[in-house]
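Working notes for the structure below.
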Amino acid sequence: MTYSGKVRVGGPAEAHELGELIISKVAVGPMENNAYLLRCRETGEQLLIDAAAEPGTLLRLIGPDGLRTVVTTHQHPDHWQALAEVVAATGALTCAGREDAAGIPVPTDAPLDDGDVVRVGRVELGVRHLRGHTPGSVALVYDDPDGAPHVFTGDSLFPGGVGNTRGDAAAFQQLIGDVEERLFTPLPDETWIYPGHGDDTSLGAERPHLGEWQARGW
């Protein structure tokens with residue numbers, strides 16, 4: 001099946017199969033959150049991004065091979081409603097941005113800072129700290145040796161704009177500044193973007209609109 005990045009709550013997961021990594025995307029919960037299960041092809045080790053809701057759905061996706069790590073992209077409750085149950089069932093290591101860890105009720109085993117590396121088997125994911133939506137929001141960057149990079153942005157970047165900063169002009173400037181500096185500037189247009197809600201996009205699709213986002217202020 002061709003990966004489209006379009007999933008819906010109650011529907012099946014979709015798998016994006018890369019040379020060294022399999023990315024499974026599923027939509028869960030009343031806020032229609034995306035959760036992403038990453039599996040290293042060489043080792044079979046798995047990492048979950050955002051145990052957002054519906055622990056049963058997530059545990060079925062994880063399956064019998066277990067879970068090594070779960071990364072929470074930020075502290076908003078819709079992104080960690082299933083975290084306690086998933087960790088209890090799997091014993092997974094918990095990771096989150098350092099500045100957001102205190103806002104997540106499940107203890108964070110490994111606080112993340114900009115430039116850190118999170119591993120799933122042989123695969124490395126670079127941490128990018130994107131301030132503004134929350135103080136400690138993080139994105140994960142997979143620099144695929146066989147193709148374009150892949151970035152999991154949480155609620156910091158979506159098709160059509162950056163994340164909600166609730167009318168706070170300073171927070172918006174911080175967020176759009178970090179997104180430009182840490183994603184748009186170093187990464188190519190072909191970079192695949194996996195957001196915390198909704199459909200996937202690419203940096204190339206969004207780059208022409210950066211000036212528009214700046215002008216509108218959200």
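Numbers here simply count residues along the sequence, with the first being 1.
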Original post:
With the threshold set at 4.0 Å, does a side-chain nitrogen-carboxylate oxygen contact exist between Glu17 and Arg41?
Top reply: yes
**OP:** Could you tell me the separation between the CZ atom of Arg119 and the CG atom of Leu38, rounded to the nearest 0.5 Å?
**Re:** 15.0 Å
Original post:
Side-chain contact, heavy-atom cut-off 4.5 Å: Glu206 with Pro159?
Top reply: yes
**OP:** For the pair Glu99 (side chain) and Gly136 (backbone), establish whether a donor and an acceptor sit closer than 3.5 Å, ignoring hydrogens and angles.
**Re:** no
Original post:
Hey, mind stepping through Asp78 and His197 against side-chain contact (heavy atoms from CB on, under 4.5 Å) and telling me if it holds?
Top reply: CA-CA 10 Å; Asp78 60 306; His197 305 262; 3.2 Å; yes
Subject >> Flag side-chain contact, heavy atom, 4.5 Å: Ile23 against Phe152 >> reply: yes
Subject >> Between Gln214 and Gln173: side-chain donor-acceptor atoms closer than 3.5 Å >> reply: yes
Subject >> Val71 and Leu48: CA distance, side-chain angles, deciding distance, side-chain contact (heavy atoms from CB on, under 4.5 Å) verdict >> reply: CA-CA 6 Å; Val71 177; Leu48 181 68; over 6 Å; no
Original post:
If you measure only the distance, is there a donor-acceptor pair under 3.5 Å linking the side chains of His79 and Asp155?
Top reply: yes
Subject >> Glu14 (side chain) donor-acceptor with Ser4 (main chain) under 3.5 angstrom >> reply: yes
**OP:** Would you give the length of the straight line joining atom CG of Leu112 to atom CG of Leu125, rounded to the nearest 0.5 angstrom?
**Re:** 10.5 Å
**OP:** Only counting residues at least two apart or in another chain, list the ones meeting salt bridge (charged side-chain N to carboxylate O under 4.0 Å, His left out) with Asp109.
**Re:** none
Original post:
What about Leu18 and Tyr3, same hydrophobic cluster or not, with Ile/Leu/Val/Met/Phe/Trp/Tyr joined at side-chain heavy-atom distances under 4.5 Å?
Top reply: yes
Original post:
Sequence neighbours excluded, which residues qualify as salt bridge (charged side-chain N to carboxylate O under 4.0 Å, His left out) partners of Asp146?
Top reply: none
**OP:** Quick one: closest heavy-atom pair of Pro105 and Trp80, and the distance?
**Re:** CG-CZ3, 3.3 Å
Original post:
Quick one: CG on Asp100 to OG1 on Thr134, what's the gap to the nearest 0.5 Å?
Top reply: 3.5 Å
**OP:** Check the hydrophobic clustering (I, L, V, M, F, W, Y; side-chain heavy atoms under 4.5 Å; chains of links allowed) and say if Val87 and Val28 are grouped together.
**Re:** yes
**OP:** Drop me the distance from Gln46's CD to Ile22's CD1, to the nearest 0.5 angstrom.
**Re:** 9.0 Å
Subject >> Shortest non-hydrogen contact between Gln75 and Pro135, atoms and distance >> reply: NE2-CD, 3.7 Å
**OP:** Please check if the side chain of Asp116 supplies one atom and the backbone of Asp113 the other of a donor-acceptor pair under 3.5 Å.
**Re:** yes
**OP:** Taking all heavy atoms of Ala171 and all of Asp168, pick out the closest pair and write down the distance.
**Re:** N-OD1, 3.0 Å
**OP:** Please lay out, stage by stage, how Val127 and Val118 fare under the test side-chain contact (heavy atoms from CB on, under 4.5 Å).
**Re:** CA-CA 7 Å; Val127 176; Val118 176; 3.9 Å; yes
Subject >> Cys95 to Thr69 - nearest heavy-atom pair and separation >> reply: SG-CG2, 3.7 Å
**OP:** Could you tell me which residues satisfy salt bridge (charged side-chain N to carboxylate O under 4.0 Å, His left out) with Asp199, sequence neighbours excluded, listed by chain and number?
**Re:** Lys6
Subject >> Backbone of Tyr36 reached by a side-chain donor or acceptor of Asp50 within 3.5 Å >> reply: no
Subject >> Over all atoms of both residues, closest heavy-atom pair of Lys25 and Val7 >> reply: O-CG1, 3.6 Å
Subject >> Heavy-atom side-chain contact between Val9 and Glu54 under 4.5 Å >> reply: yes
Original post:
Taking side chain as C-beta onward, heavy atoms only, is His74 less than 4.5 Å from Ser156?
Top reply: no
Subject >> Smallest separation among heavy atoms of Asn34 and Pro195, with atom names >> reply: ND2-O, 3.0 Å
Original post:
Ignoring hydrogens and geometry, is there a side-chain-to-backbone donor-acceptor pair from Thr108 to Pro111 under 3.5 Å?
Top reply: no
Original post:
Who are the salt bridge (charged side-chain N to carboxylate O under 4.0 Å, His left out) partners of Arg166, not counting sequence neighbours?
Top reply: none
Original post:
Do Thr90 and Leu59 pass the side-chain contact (heavy atoms from CB on, under 4.5 Å) test, and can you show the C-alpha distance, the side-chain angles, and the key distance before you say yes or no?
Top reply: CA-CA 9 Å; Thr90 64; Leu59 290 170; 3.8 Å; yes
**OP:** Can you tell me which residue pairs pass the side-chain hydrogen bond (donor to acceptor under 3.5 Å, both in side chains) test with a partner in residues 177-186, sequence neighbours excluded?
**Re:** Arg131-Asp178
Subject >> Cluster check Val106, Val70: I/L/V/M/F/W/Y, side chain < 4.5 angstrom >> reply: yes
Subject >> Member of Trp192, Tyr142, Tyr194 meeting the side-chain hydrogen bond (donor to acceptor under 3.5 Å, both in side chains) criterion with His150 >> reply: Tyr194
**OP:** Please answer: with hydrophobic residues joined when any side-chain heavy atoms are less than 4.5 Å apart, are Val26 and Leu67 in the same cluster?
**Re:** yes
**OP:** Hey, could you give me the CZ/NE2 distance between Arg98 and His129, rounded to the nearest 0.5 Å?
**Re:** 10.5 Å
**OP:** Give the other cluster members for Leu187, using side-chain heavy-atom distances under 4.5 Å between Ile, Leu, Val, Met, Phe, Trp and Tyr residues; answer none if it is isolated.
**Re:** Leu130, Val141, Val151, Leu157, Val162, Phe172, Leu175, Ile176, Val179, Leu183, Phe184, Ile193, Leu203, Leu210, Trp213
**OP:** Starting at CZ of Arg39, measure out to CG of Leu47 and round the result to the nearest 0.5 Å.
**Re:** 13.0 Å
Original post:
Do Asp144 and Leu21 touch side chain to side chain, with heavy atoms closer than 4.5 Å?
Top reply: no
Subject >> Residue pair His16 / Asp200, side-chain heavy-atom distance below 4.5 Å >> reply: no
